[in-house]
Amino acid sequence: NTMRHYLLSFACFCFLASLLHAQDTPRDRARESMTIMMSYYDKDKGLWKNTTWWSNANVLTTVVRYCKFTKDKRAHGIIENTFQKASNGQFRNFLNEFYDDQGWWALAWIEAYELTRRKEYLDMAVLIFTDMTKGWSEDAGGGIFWKKNERYKAAIANSLFILTALRLHHHRQRKPINGRPPLQWAEDDWEWFQSSGLFDKNQNQVNDGIRPDGRMNRAHWTYNQGVVIAVLVEFFRVTKDKKHLDQAESVAKATIKHRNREGILREMNEPNTGTDGAQFKGIFVRHLYTLYEATGNEEYREFLERNAKSAWNNRHTESGRMGIVWHEPAKDDQPRDSHGGAHSSALDVLVSHLGAEQVKKKPAKK
């Protein structure tokens, strides 16, 4: 059928193109790794195999960003197929019990809308965000819960809620969603976020969340740092207040300083991250690209370049898949280090580096 023909054509083209290009460029590396990522794609479900539900939203986001940076429109069929199939699958309209899962999907559809201008993608993001607003509670002073019918206030659920609200603000401006304009939702949640203790000001890192009994979970996962960086960049774009960029840079620099081995990003519990944690580093580098785009700080581009090359050079020798660990060679006899989520995360750094190289000579946005 049409989708199968597209997938085969896309994979064959990318493979042949990689053979024809003798150069080892950021675009070549991203292209070849994207071909491997597409080998996981289940066209009937509109999802990638060997990844979790929320990780699929991140894979889709990476596909969208790849299309954006390469101007390659052939993957638009994949985006549409995922929209049609996955929205009618296990979780209708991408709604489930986890507010952070919903946030990832909302952001993916906003980016898909920005790429294609298909209004149904933006409408889906609004539908998802509307459901997320129902998680707002004055327990612990404000914010949304991590999961429906549970009382944990997770940093990731709230930072995704804020980021989604800010990006919807760009497209919907003052139109209310469940009683408040998106910008007001963002400002209200961010005010609570800053005062709640979720932001560890001593270390310039984001804590994981607030337990129902009020105790703080002080784990500093890389993905929490990445999404808050993006939130701060978006607030800068709305307000033009440089204090937001300054705070974003403090988070980025602290993460780079404390979460690396020989200059290569490393998760806290690596390599035993589980399928969820395998996705975290890709999320950080994706949003570090956003900060580089806003600031032009070469430190971030160089970090992306170093990590992209390391992840690529240490990929599995037989399959070409990239693993959880980016700073040392992957082993083909360790299947846990060769799954869709791990490859997707590493693909994120290749795509982010590709994007960074394209803006390298452009002046920083004012």
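Without hydrogens or angle criteria, Gln102 side chain to Asn96 main chain gives a donor-acceptor distance under 3.5 Å. Proximity of a side-chain donor or acceptor of His353 to a complementary backbone N or O of Leu304 within less than 3.5 Å is not detected. For Ser33 (side chain) and Ala30 (main-chain N/O), no donor-acceptor pair under 3.5 Å exists by modelled atom type. The backbone N or O of Asn93 lies less than 3.5 Å from no partner atom in the side chain of Ser87, so there is not a single donor-acceptor pair. For His339 (side chain) and Gly341 (main-chain N/O), a donor-acceptor pair under 3.5 Å exists by modelled atom type. With hydrogens and angles ignored, the 3.5 Å screen pairs no side-chain donor or acceptor of His220 with any backbone N or O of His258.
Partners of Ala230 by side chain to side chain contact (heavy atoms under 4.5 Å, CB included), not counting sequence neighbours, listed by chain and number: Leu163, Arg167, His287. By the side chain to side chain donor-acceptor pair (under 3.5 Å) test, Ser352 pairs with Arg65, sequence neighbours left out. Applying the salt bridge (Lys or Arg N to Asp or Glu O under 4.0 Å) rule to Arg218 yields no partners; only residues at least two apart in sequence or on another chain are considered. Legend: residues meeting side chain to side chain contact (heavy atoms under 4.5 Å, CB included) with Asn269, ordered by chain and number and at least two apart, are Trp221, Glu267, Thr273. The salt bridge (Lys or Arg N to Asp or Glu O under 4.0 Å) test applied to Glu120 returns Arg118, not counting sequence neighbours. Annotation: side chain to side chain donor-acceptor pair (under 3.5 Å) contacts of Ser159 (sequence neighbours excluded): none.
Between Ala248 and Ile229, the shortest heavy-atom distance links the atoms O-CG1, 3.8 Å. Between Tyr99 and Ile144, the shortest heavy-atom contact is CB-CD1, 4.0 Å.
Residues Asn207 and Phe199 have side chains not in contact (no heavy-atom distance under 4.5 Å, counting atoms from C-beta outward). You'll find the side chain of Ile110 reaches within 4.5 Å of the side chain of His171, heavy atoms only. Proximity of Glu270 to His327: side-chain heavy atoms (C-beta onward) are separated by under 4.5 Å at one or more points. Taking the side chain as every heavy atom from C-beta outward, Val285 and Trp326 approach each other to under 4.5 Å. Side-chain contact between Tyr300 and Tyr289: absent, with no pair of heavy atoms (C-beta onward) separated by less than 4.5 Å. Between Trp136 and Arg180, some side-chain heavy-atom pair lies under the 4.5 Å cut-off. The shortest side-chain heavy-atom distance between Val349 and Trp312 does not fall under the 4.5 Å cut-off. In this structure the side chain of Trp192 reaches within 4.5 angstrom of the side chain of Asn158, judged on heavy atoms.
If you take CD1 on Ile78 and CE on Met38, they are separated by 3.5 Å, rounding to the nearest 0.5 Å. One distance of note links CZ of Arg306 with CD1 of Ile264; it measures 6.0 Å at 0.5 Å rounding. The NZ atom of Lys45 sits 13.5 Å away from the CG atom of Asn81 when rounded to the nearest 0.5 Å. The line from OG1 of Thr317 to CZ of Arg315 is 9.5 Å long, rounded to the nearest 0.5 Å. To the nearest 0.5 angstrom, Gln205 atom CD is 9.5 Å from Thr222 atom OG1. Here CZ of Arg237 is found 12.0 Å from CG of Leu232. Values are rounded to the nearest 0.5 Å.
Trp146 and Trp104 end up in different hydrophobic clusters when Ile, Leu, Val, Met, Phe, Trp and Tyr side chains are linked at under 4.5 Å. When hydrophobic clusters are built by joining Ile, Leu, Val, Met, Phe, Trp and Tyr residues whose side-chain heavy atoms come closer than 4.5 Å, directly or via intermediates, Leu168 is grouped together with Leu183. At a threshold of 4.5 Å between side-chain heavy atoms, the hydrophobic network of Ile, Leu, Val, Met, Phe, Trp and Tyr places Trp185 and Val228 in one connected group. Ile283 and Leu60 fall within a single hydrophobic cluster, where Ile, Leu, Val, Met, Phe, Trp and Tyr are joined by side-chain heavy atoms under 4.5 Å apart, directly or via other members. Taken together through direct or relayed side-chain contacts under 4.5 Å among Ile, Leu, Val, Met, Phe, Trp and Tyr, Met132 and Leu95 form part of one hydrophobic cluster.
Other residues, nucleotides and ligands contribute more than 12 heavy atoms inside 6.0 Å of the CD atom of Glu97.
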- Check the pair Trp48 / Thr51 against side-chain contact (heavy atoms from CB on, under 4.5 Å), numbers first and verdict last. CA-CA 6 Å; Trp48 284 264; Thr51 59; 3.9 Å; yes
- Decide yes or no on side-chain contact (heavy atoms from CB on, under 4.5 Å) for Trp109 and Thr82, but give the supporting numbers first. CA-CA 10 Å; Trp109 293 121; Thr82 296; 4.3 Å; yes
- Task: Please assess Glu234 against His169 for the test side-chain contact (heavy atoms from CB on, under 4.5 Å), listing each intermediate value before the final yes or no.
- Result: CA-CA 10 Å; Glu234 292 295 342; His169 168 72; over 6 Å; no
- side-chain contact (heavy atoms from CB on, under 4.5 Å) between Lys201 and Gln247, worked out: CA-CA 10 Å; Lys201 296 180 181 178; Gln247 187 176 1; over 6 Å; no
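Ring pair His244/Phe236: centre-to-centre distance not below 6.0 Å. Between Trp54 and Phe98, the gap from one ring centroid to the other reaches at least 6.0 Å. Two rings, from Tyr292 and Phe303, have their centers 6.0 Å or more apart. The six-membered or imidazole ring of Tyr121 lies away from that of Tyr113, with a centre-to-centre distance of 6.0 Å or more.
Using the six-membered ring where Trp is involved, Phe235 and Trp190 have ring planes that are tilted, between 30° and 60° apart.
Counted by atom type alone, Tyr152 and Asp208 present one or more donor-acceptor pairs between their side chains at under 3.5 Å. Under 3.5 Å, the side chains of Thr25 and Asp28 contain a donor-acceptor pair of N or O atoms.
Between Lys243 and Asp246 there is no salt bridge, since none of the side-chain N atoms of the basic residue sits less than 4.0 Å from a carboxylate O of the acidic one. Classification of Glu357 and Arg301 as a salt-bridged pair holds, one side-chain N sitting under 4.0 Å from a carboxylate O. The pair Asp139-Lys153 fails the salt-bridge criterion, with no side-chain N (NZ, NE, NH1 or NH2) lying under 4.0 Å from an Asp/Glu carboxylate O. We find that Asp213 and Arg211 are not joined by a salt bridge, their nearest charged nitrogen and carboxylate oxygen being 4.0 Å or further apart. Salt bridge status for Asp131 with Lys148: present, with a side-chain N to carboxylate O gap under 4.0 Å. Ion pair Arg286/Asp348 flagged as a salt bridge, since at least one NZ, NE, NH1 or NH2 atom sits closer than 4.0 Å to an Asp/Glu carboxylate oxygen. Of the charged side-chain nitrogens involved, none lies within less than 4.0 Å of a carboxylate oxygen, so that Lys68 and Glu114 do not count as a salt-bridged pair.
Cation-pi check for Lys49 over Tyr41 is not met; the charged atom does not lie both under 6.0 angstrom from the ring centroid and within 45 degrees of its normal.
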